[in-house]
Structure formats: structure tokens, C-alpha cells
Amino acid sequence: MTGCNLGFINPLSVLENPGTMAGDFYSRNFEKKAVPGRIILNLGPQHPSTHGVLRVLCELDGEYVARCEPVLGYLHRMHEKMGEVKTPWQFLPNLGRIDYLHPLAWNWAFVGAAEKLAGLTVPPRAEWLRLIGCELNRVGSHLLWWGAFVMDLGGFTPILYAFEEREKINDILQIITGSRLTMSNFRFGGVCADGDSRFFRLIQEFIPYLRERLKMYKGLVTDNVILRRRLEGIGPIDVDMCQRYGATGPILRAAGSPRDTRQDYPYGVYDQVDFPIPTGPVNDSFGRYLVRLVEIETSLSIVEQALKAIPEGPIMMEKAPKVTWKLPAGESYMAVEGARGQICVHLVSDGGQTPYRVKLRAPGFSNLSLFAEAAQGTILADAIAILGSLDLVIPEVDR
Amino acid sequence: MLQAIWDNIKGLYSLLVGMSITGRYLLSPVETIHYPRQVVADEIMASFRGPIQLTKGKKDPAQTRCISCQMCVKACPGHCLSVTKGDTKAPAQWLYDFSYCCLCGACVETCPTGALEFSHKVYLVTLTREELILDLLADLQKRAAILPESQPVPTANLAPPTVPDVESIGEPK
């Protein structure tokens, strides 16, 4: 009977034969049989140094990771299925909840795919408002990653500073989205609220403020010898590995490949702004750290250009789709650059009340996939540094 | 050996640099607010989308503009609204289950008469789940009974344009 007993563990049997029945199905079947000198360590899903509810099974040889494997699905919420049972409008609030750190990019991917399919034109002011919101949101996402990453490595203070900046960004974005976390201001054919004078004033105050703070970040964290020794040379990820696993975003750029959806396949008004694509000087964890910090500055300069270029005018197209709007039959595809990489939405509609299929491509899933290879043979503490440098958001990975 | 000592000195120095930055910011003014004694400024709350509420009527503030057309009930992705029609067009009961609400604004944007709006309640706390089922008609009566002078009305130009500042519409001039 014990052979088919997969989930349930009899406490008495563990007491009688210590070690034989410990763990669950995954950890008991990770190795075919026990290997002398090796232990199986379960990192997560509630481990403080993993992100969210990610679970990583590690086979340790001493302190070295011989093999590890991420176990997913603890935060699976059927977002793709929900897209099939709700009208496109009713699916909009879901998009803010897939990736809670960069919700506006997900909004843009889905709304953009629907607009492509239906052939809707967005007024220019709405396009610029989308760009400003998306870039500020990217800054907020990178700031939170910065704080959480340094906290993974043992430095607690920086996350408090990061949150101070993030709250200021939330104050700004709240004016156009109405919420502070699961933002969703994109509508088919525009945005739901216009930015007022206070919105633009706060952004103009915020940009020089954050530039000053970034200098402080450099002194506090980037130049810190202890941090650099934890990161330099740890977890090199080259372009070849990125291509094999489909990793995008700052990881690919740190590897040296200047790929950015905003410039390769411009959407919205990204072809009207001028910005460099930062690539990392090195492809290790420290390179990925530097690329994200440079990206914050890049986003700030994009927002600055947008403030000069934003025209007056309507923020919604005329005869904008209502809640009961049906997508025309056909399929469309939209890719946008999120804070973690390329976000893609493939939308198939048969002309009915709800879409036939909504495929969401989360960059975090591909980025996490390469972790098993990158972490092999490193010390466990370095594996945590690699995991942190991938910038994972588990709701997005599990969807 | 010498290298190891030098590395330690360098590590200690960068630790001191970090500590001096932390110390400098420790002495700077506090950014956070102490909630029960201080609250967030109305200016910031004006654009916050709290639980929805019925807007006050044009003639009688206690009268809702709702015509029980059920458009919001159909639009809601969370199925959290229930409107019961009375003898006339006006609803007999207007229940709103806030525990299922995702604050997307589908009901507000779809309402043909502008009978719904977002409130700015950020401090809504209940002890049980049942208390989150809000009776919006009773809430409207309660808000209409309060004298307009005592209401903290957010300035009109701060509210987002799609959420009309109906708070001031129903007030006697």
C-alpha cells in the first residue's frame, strides 16, 4: 500500500524509518535512488530568499548544487482560460494581475492585439499617455527588483529606499489609472483617464529627483565591495544559452545582444522617441544588475522626450468599443517589451462574444527555464544570486 | 595573506560608506505617515478608485439616477452587483458585493445615466465577509443626509475626467 501513497505521509512511518518517507512526490522522485553523500534540498515555496511561491528542488553535493529544478504551478490562476470565457473588455482587469510589477505592459500587449485585429486607431495623446505610463511603470518594476535583489543577498536597507521612489511613481500613476498596484487604464481605442496638470508636474519633479537618488544607489550598493564580490563572475549566461531557452529582456541584453522590442518592432509611438539600448559589459549577475540600472535612466529619458512631444486632444477614439464588444473573426499577435522581457499575446477570435483563444507568453517563464543550467555546479548562495538576477515574478510565470 | 587583509579593509571601507549614506537619510525628514494620527492628503486620494457608490440625484440628492436597466450587472466581470427593480424605474434594492469587485470600472463606464461613480474610501475595513455586501441605496441616503459644508469635496480638476465630479452636482447652490 505504501507504493501508491503519493501525497499522504503517515507520521508514524517517518518515525520508524527516518528519511524514507520525508518530502512529497516531487522530492521523493527527484532521484531514482539515494546517492551517498548527496542531499535533496527543497528551496521554497515559502523560503524567504526565493521570490513569491517559486519552489526549487536542489540536489546538493556538500554546498555545491549538483542539479536543480524549478517546480511551478503554485500560483496558476487560469488567466488564459479566463480570457476565453470573458468578453475582451471584461478580461482587462486580469492583465494587471498577471504581472503585478509591470501591469501596463501586459495591458498594452492585449489591448494592442485586439486593436490590431479590429483595426482601431488610437488618438495620439492616448498613445503618448500609454508610453509615459508604461515607462514609469518599468522604472517602478526595476526599482522593486533592485531592492528585492539586494535583500536576497543580505542587505536589508536598500529596499526601503526603493519603496520610497516606488510610492512616488504610484502617486503619479494613480492619477491616470486610479489604483496603485493592479493598474489597468488601457481601453480599446484609448486610455480611460487623462493626465492633468498635477500629473505632469509630479513627473517633472520626479525625474531629477530619481537621477539624484540613482547616484546615491551607486554609492550605497553598486560600489560596495561586498556586493560586487557576491555578483562578479557568478552565473555567466551567454547569448547561446539565452537563445536556447528563449530568454529575453535585460538577461539577453546583459549577454551582449542589443535586442529590444521597442526598437526592433516599434509599437505605439516608440518609433518617435530616441533612446539607446544598454548592453552589459559582462554577462554575469553583476552585468544584469548594471543593465537594469541603466534601463531606469533610459526610461527616464524616454519620459522626458514624451513630456515635450505629447499633444493635446482626445484620449479615446470616437465610437470606442463598449463592454459587450465582440472581436471580429481572425487572429492577431502583439509583442511588447516588458520589464522582464518580451511579452507576447496571440489572440484568436471566431467572431463570438468571447475570444476563441488567448495565448499569453510570459518572459519570466523562459527566463526561469535557464536557471537549472546556469546554477549547476555553483554554491547554493550563488544560485540564490543567479535566481535573484533573473528578476522573476511568479504570478507571471505561472499565469 | 596581505591580499586577504587588504580585501577586508576594502570591504570594511565600503561598509562605512554605506553606513554614512544610511545615517544621512536617517536624519532627514520622515517620508511615511503615522496612520491613525495622520491621513493621506485629499489631493492624493482624489484620483483613487475606491468601492463604487451611487451618485446623488440632480434634484433630490437622496434620489438615485439608476433606472434598473441591468447594464452594469451584465457588464460586471465579477458578478458582484445585484439590482432589484421596484414598482417604478427606480431600484428597490441595490446590493454590491465588494469582496468580488476588482474595481475595473466596467459598471461606471457602461451606465447610461451616470448613476455610478467611484468613491475615495481607502480605509474600508470589516470584520466579517458579510459586511462587505454593501447596500448602496442606504449608503446614498446616509451621504445625502450629511450637510454639504461638512463634506471634504475633492477639487474638480483633480478627479479623472471619466469619473465626473458628481459630488458637487447634487448640492444646493
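Below, read A as the first sequence line, B as the second, and so on, with proteins coming before strands; counting in each chain starts at 1. What's counted below: heavy atoms across the whole structure, side chains too, no hydrogens, waters or symmetry copies.
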Peer 1: Between the side chains of A/R357 and A/E80, is the shortest nitrogen-to-carboxylate-oxygen separation below 4.0 Å, so that they form an ion pair?
Peer 2: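 Salt bridge present between A/E80 and A/R357.
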Peer 1: Can you tell which part of A/N224 gets under 4.5 Å to a heavy atom of chain B, answering side chain, backbone, both or neither?
Peer 2: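 For A/N224, backbone and side chain are both near chain B.
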Peer 1: Pick one of side chain, backbone, both or neither for A/I226, based on which atoms fall under 4.5 Å of a heavy atom in chain B.
Peer 2: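 It is both, since atoms from each part get that close.
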Peer 1: Chain B heavy atoms under 4.5 Å from A/T177: which part of the residue, side chain, backbone, both or neither?
Peer 2: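 Backbone only.
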Peer 1: If you tally heavy-atom pairs under 4.5 Å against chain B, which of A/N94, A/L92, A/L220 wins?
Peer 2: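 The answer is A/L220.
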Peer 1: Are B/E109 and A/R187 ion-paired here, with the side-chain N under 4.0 Å from a carboxylate O?
Peer 2: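 Looking at B/E109 and A/R187, the cut-off is met.
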Peer 1: Is A/T324 close to chain B through its backbone or its side chain, or both, or neither, when contacts mean heavy atoms under 4.5 Å?
Peer 2: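 Looking at A/T324, nothing touches chain B.
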Peer 1: If we count only N and O atoms by modelled type, under 3.5 Å, do the side chains of A/D398 and A/H76 hold a donor and an acceptor together?
Peer 2: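 Judged by distance alone, the side chains do not pair up.
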Peer 1: Could you check whether A/R130 pairs with A/E115 (Lys NZ or Arg NE/NH1/NH2 to Asp/Glu carboxylate O, under 4.0 Å)?
Peer 2: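 Salt bridge between A/R130 and A/E115, a charged N being under 4.0 Å from a carboxylate O: yes.
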Peer 1: Inspect the contact between A/D99 and A/R399 and indicate whether a charged nitrogen and a carboxylate oxygen are less than 4.0 angstrom apart.
Peer 2: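 Salt bridge absent between A/R399 and A/D99.
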Peer 1: Using a 4.5 angstrom heavy-atom cutoff, name the option from A/R228, A/M316, A/E164, A/R97 with the most pairs to chain B.
Peer 2: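 Sorted descending by pairs with chain B, the first entry is A/E164.
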Peer 1: Give, as side chain, backbone, both or neither, the part of A/F91 having an atom under 4.5 angstrom from any heavy atom of chain B.
Peer 2: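 Contact with chain B is absent: no heavy atom of A/F91 under 4.5 Å.
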Peer 1: Measure distances from A/V323 to the heavy atoms of chain B and classify the residue's part below 4.5 Å as side chain, backbone, both or neither.
Peer 2: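 For A/V323, the side chain is the part near chain B, not the backbone.
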Peer 1: So how far is it from A/R180 CZ to A/L173 CG, rounded to the nearest 0.5 Å?
Peer 2: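 CG of A/L173 is found 9.5 Å from CZ of A/R180.
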Peer 1: Could you check whether atom CE of A/M78 has more than 12 heavy atoms from other residues, nucleotides or ligands sitting under 6.0 Å from it?
Peer 2: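 No, CE of A/M78 has 12 or fewer neighbouring heavy atoms, counting only those of other groups under 6.0 Å.
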Peer 1: For A/K322, is it the side chain, the backbone, both, or neither that has a heavy atom closer than 4.5 Å to a heavy atom of chain B?
Peer 2: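 No part of A/K322 comes within 4.5 Å of chain B.
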Peer 1: Quick one: which of B/G78, B/A75, B/G105 has the most heavy-atom pairs under 4.5 Å with chain A, could you say?
Peer 2: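 Top count of heavy-atom pairs under 4.5 Å with chain A: B/A75.
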